[in-house]
Amino acid sequence: MLKVRRKRHFQRSIKRNLHILKIIGAVFTGLVIIGAAAFALFKTDIFKVKTVNVVGTGSFVSAVDMQSLVEGSVVGRNIFFIDKEEVRANLLRNFRGAKSISVKIRLPDKLILEVTERDPLALIFNDQSKDYFIVDSEGFVLGVVDASKTNLPEIRYEGDIRVGDIISEDLVPVYLDLMRSLDENEVQATSVSFYPRYVRLFIQDGVEVLIGNDKNKLEALKIVKNLVRQERLEEKSLNKIDLRYDKVSVQ
């Protein structure tokens, strides 16, 4: 009876050891396959970047320049080692005419750059420059343009204007807000000039009006309208209304 038990125990041990050996063999085989795949993946030329394509560019971003810049840093490198966020950030620093850029991988060896350019919303000009500059909603100066070939609104900006700079993030929103407010209050402006911190306009009868960029334009122009009406009723001469500060100043 004891011999039978020992024999069964010995058989179970052999089976258990064989099972362990099978597991070890399967793991080893898996590691070999993974190693071979990793070698094929990272050491062969199949996944080395050969092509960079740029899509979505038009007037404000050069596809040729963008492609050349990226090719210089990624061609010949394994596509799985490309830091897409690093590529994107570098492109946004160098091509400020792009509002957004996405970097995509197309296996086995292609990089796709999808560009969304800034949207022009207005023209700006001043007496220091004979040129008209095109700007987007963030006040980014995209370039010089022929004013006769566009129907964009024209804004006089009394400050430095340079292509590639953001002159004022509030410029276009303030302009649009002012135009709506002038129309709603039925106030006619003969001249409008924008400064970094305020707007200067001349309305009917030559009255000069100064409004801070941070002020509510609709409310400010309601005050202007009421002051002009009061001036006419009282037959007074109104020269200047300053609404840049908390206290309204009238001359």
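Keep in mind that what you see is a predicted model, and the values were worked out from it rather than measured. Atoms considered below: every heavy atom in the structure, side chains included; atoms not considered: hydrogens, waters and symmetry mates.
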Engineer: Mind checking the CD1-CZ spacing from Ile101 to Arg88? Nearest 0.5 Å is all I need.
Structural biologist: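 One gets 8.0 Å once the value is rounded to the nearest 0.5 Å.
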Engineer: If you take all heavy atoms of Thr57 and Ala63, which pair is closest and at what distance?
Structural biologist: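 Scanning both residues completely, I find the closest heavy atoms to be OG1-CB, 3.3 Å.
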Engineer: Just by modelled atom types, is the Lys222 backbone N or O under 3.5 Å from a matching donor or acceptor in the Asn226 side chain?
Structural biologist: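 Judged by distance alone, yes, a pair lies under 3.5 Å.
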Engineer: Compare every heavy atom of Leu152 with every heavy atom of Ile134, then report the nearest pair and how far apart it is.
Structural biologist: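 Distance-wise, the nearest heavy atoms are CD1-CD1, 3.7 Å.
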Engineer: If you look at every heavy atom in Ala98 and Leu92, which pair is closest and at what distance?
Structural biologist: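 Minimum heavy-atom contact is O-CD2, 4.0 Å.
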Engineer: Got Ile79 and Asp109 here, is their nearest side-chain heavy-atom distance under 4.5 Å?
Structural biologist: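 No. Closest side-chain heavy atoms not under 4.5 Å.
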Engineer: Decide, yes or no, whether a salt bridge links Glu158 with Arg156 under the criterion of side-chain N to carboxylate O below 4.0 Å.
Structural biologist: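 Here Glu158 pairs with Arg156 in a salt bridge, since their nearest N and O are under 4.0 Å apart.
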Engineer: Count the heavy atoms of every other residue, nucleotide or ligand shown that sit under 6.0 Å from CD of Gln188, and state whether that count exceeds 12.
Structural biologist: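 No, the 6.0 Å shell around CD holds no more than 12 heavy atoms from other groups.
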Engineer: Let me see the working for Asn94 and Asp65 under side-chain contact (heavy atoms from CB on, under 4.5 Å), right down to the final yes or no.
Structural biologist: CA-CA 10 Å; Asn94 285 276; Asp65 290 346; over 6 Å; no
Engineer: Applying side-chain hydrogen bond (donor to acceptor under 3.5 Å, both in side chains), can you list everything that pairs with Asp83, at least two apart in sequence or on another chain?
Structural biologist: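 None.
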Engineer: Looking at residues at least two apart in the chain, or sitting in another chain, which of them share a salt bridge (charged side-chain N to carboxylate O under 4.0 Å, His left out) with Glu71?
Structural biologist: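 Expected list: none.
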Engineer: Working to the nearest 0.5 angstrom, can you tell me the gap between Phe60 CZ and Asp119 CG?
Structural biologist: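 Answer rounded to 0.5 Å: 8.5 Å.
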Engineer: Please step through salt bridge (Lys or Arg N to Asp or Glu O under 4.0 Å) for the pair Asp246 and Lys215, ending with a clear verdict.
Structural biologist: CA-CA 10 Å; Asp246 293 337; Lys215 300 297 182 181; 3.5 Å; yes
Engineer: Honestly curious: do Val115 and Ile112 fall in one hydrophobic cluster under the side-chain, below-4.5 Å linking rule?
Structural biologist: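 Per the 4.5 Å side-chain linkage, Val115 and Ile112 are not co-clustered.
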Engineer: Is the backbone N or O of Leu171 less than 3.5 Å from a side-chain atom of Asn213, with the two atoms forming a donor-acceptor pair by type?
Structural biologist: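 Flag not set: sc Asn213 to bb Leu171 has no pair under 3.5 Å.
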Engineer: Please tell me if the side chains of Val141 and Arg162 come closer than 4.5 Å, counting only heavy atoms from C-beta onward.
Structural biologist: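 Contact flag for Val141/Arg162 side chains = no.
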Engineer: For the CD1 atom of Ile203 and the CG atom of Leu221, what is their distance to the nearest 0.5 Å?
Structural biologist: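 Reported to 0.5 Å precision, the distance equals 8.5 Å.
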Engineer: When you look at Leu113 and Val103, which way does the side-chain contact (heavy atoms from CB on, under 4.5 Å) test go after all the steps?
Structural biologist: CA-CA 5 Å; Leu113 310 176; Val103 181; 3.9 Å; yes
Engineer: Mind checking side-chain hydrogen bond (donor to acceptor under 3.5 Å, both in side chains) for Glu184 and listing every partner two or more places apart, or none if nothing turns up?
Structural biologist: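 Testing Glu184 for side-chain hydrogen bond (donor to acceptor under 3.5 Å, both in side chains), a comparison that skips the adjacent residues, returns none.
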Engineer: Restricting to non-hydrogen atoms, name the atom on Ala189 and the atom on Leu201 that form the minimum distance, rounded to 0.1 Å.
Structural biologist: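 Shortest heavy-atom separation between Ala189 and Leu201 comes out as CB-CD1, 4.1 Å.
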Engineer: Test your reading of the model: is there a side-chain donor-acceptor pair from Arg244 to the backbone of Leu210, 3.5 Å cut-off?
Structural biologist: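 A pair under 3.5 Å: no.
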Engineer: Between CG of Leu182 and NZ of Lys225, what distance do you get to the nearest 0.5 Å?
Structural biologist: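 Taking CG in Leu182 and NZ in Lys225, the distance rounds to 11.5 Å.
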Engineer: Just verifying a value: how many Å separate Ile223 CD1 and Ile241 CD1, rounded to the nearest 0.5 Å?
Structural biologist: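 Going from the CD1 atom of Ile223 to the CD1 atom of Ile241 covers 9.0 Å.
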Engineer: I'd like to know if Phe202 and Val224 are part of one continuous hydrophobic network [Ile/Leu/Val/Met/Phe/Trp/Tyr, side-chain heavy atoms within less than 4.5 Å].
Structural biologist: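 They do not share one cluster, since no chain of ILVMFWY contacts under 4.5 Å joins Val224 to Phe202.
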Engineer: Are side-chain heavy atoms of Gln128 and Ile161 found at a separation under 4.5 Å?
Structural biologist: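 With C-beta onward as the side chain, the pair stays apart.
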Engineer: Would you list the pairs meeting side-chain hydrogen bond (donor to acceptor under 3.5 Å, both in side chains) in which at least one residue belongs to residues 172-181, sequence neighbours left out?
Structural biologist: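 Not a single pair qualifies under side-chain hydrogen bond (donor to acceptor under 3.5 Å, both in side chains).
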Engineer: More than 12 heavy atoms of other residues, nucleotides or ligands under 6.0 Å from CG of Asp160: is that the case?
Structural biologist: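 No, CG of Asp160 has 12 or fewer neighbouring heavy atoms, counting only those of other groups under 6.0 Å.
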Engineer: Side-chain contact test, heavy atoms from C-beta onward, threshold under 4.5 Å: evaluate it for Phe80 versus Leu107 and give yes or no.
Structural biologist: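 Yes, at least one pair of side-chain atoms sits under 4.5 Å.
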Engineer: Can you list every salt bridge (Lys or Arg N to Asp or Glu O under 4.0 Å) pair that touches residues 133-147, not counting sequence neighbours?
Structural biologist: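 Only Arg118-Asp136, Arg118-Glu138 qualify under salt bridge (Lys or Arg N to Asp or Glu O under 4.0 Å).
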Engineer: Between the main-chain N or O of Ala147 and the side-chain N or O of Thr150, is there a donor-acceptor pair closer than 3.5 Å?
Structural biologist: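 Not a single qualifying donor-acceptor pair exists.
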Engineer: Please say yes or no: joined through hydrophobic side-chain contacts below 4.5 Å, possibly via intermediate residues, are Tyr157 and Val192 part of one cluster?
Structural biologist: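 Linked, Tyr157 and Val192 end up in one cluster.
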Engineer: Evaluate whether atom CD of Glu186 has more than 12 neighbouring non-hydrogen atoms of other residues, nucleotides or ligands under 6.0 angstrom away.
Structural biologist: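 No, because the 6.0 Å sphere around CD of Glu186 holds 12 heavy atoms or fewer from other groups.
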Engineer: Could you state whether Val70 and Val54 fall into the same hydrophobic cluster, counting links through intermediate Ile, Leu, Val, Met, Phe, Trp or Tyr residues with side-chain heavy atoms under 4.5 angstrom apart?
Structural biologist: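 Looking at the clustering, Val54 is in the same group as Val70.
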Engineer: Determine whether Phe81 and Val49 satisfy the following criterion, side-chain contact (heavy atoms from CB on, under 4.5 Å), listing intermediate values before the conclusion.
Structural biologist: CA-CA 10 Å; Phe81 291 161; Val49 178; over 6 Å; no
Engineer: Look only at the side chain of Asp165 and the backbone of Ile167, and say whether a donor-acceptor pair between them is shorter than 3.5 Å.
Structural biologist: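 No, the answer is negative, given that no donor and acceptor are paired below the 3.5 Å cut-off.
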Engineer: Are Leu69 and Phe95 side-chain neighbours, meaning at least one heavy-atom pair lies under 4.5 Å?
Structural biologist: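 Answer yes - side chains close enough.
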Engineer: Given the rule that I, L, V, M, F, W and Y join up when any side-chain heavy atoms are under 4.5 Å apart, are Val228 and Val199 in one cluster?
Structural biologist: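 Yes; tracing contacts between hydrophobic side chains, which count when under 4.5 Å, links both residues.
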Engineer: Could you work out, with side-chain hydrogen bond (donor to acceptor under 3.5 Å, both in side chains) as the rule, every residue matching Glu117, not counting sequence neighbours?
Structural biologist: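 Residues passing side-chain hydrogen bond (donor to acceptor under 3.5 Å, both in side chains) with Glu117: none at all.
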Engineer: For the CZ atom on Arg77, are there more than 12 heavy atoms of other groups (residues, nucleotides or ligands in this structure) within a distance under 6.0 Å?
Structural biologist: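 Buried by this count: over 12 neighbours within 6.0 Å.
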Engineer: Can you name the nearest heavy-atom pair linking Pro173 to Ser137, along with the distance?
Structural biologist: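 Heavy atoms only, the tightest pair is CD-O, 3.8 Å.
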Engineer: Any chance you could measure Ile155, atom CD1, to Leu178, atom CG, to the nearest 0.5 Å?
Structural biologist: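 So the CD1 of Ile155 and the CG of Leu178 are separated by 9.5 Å.
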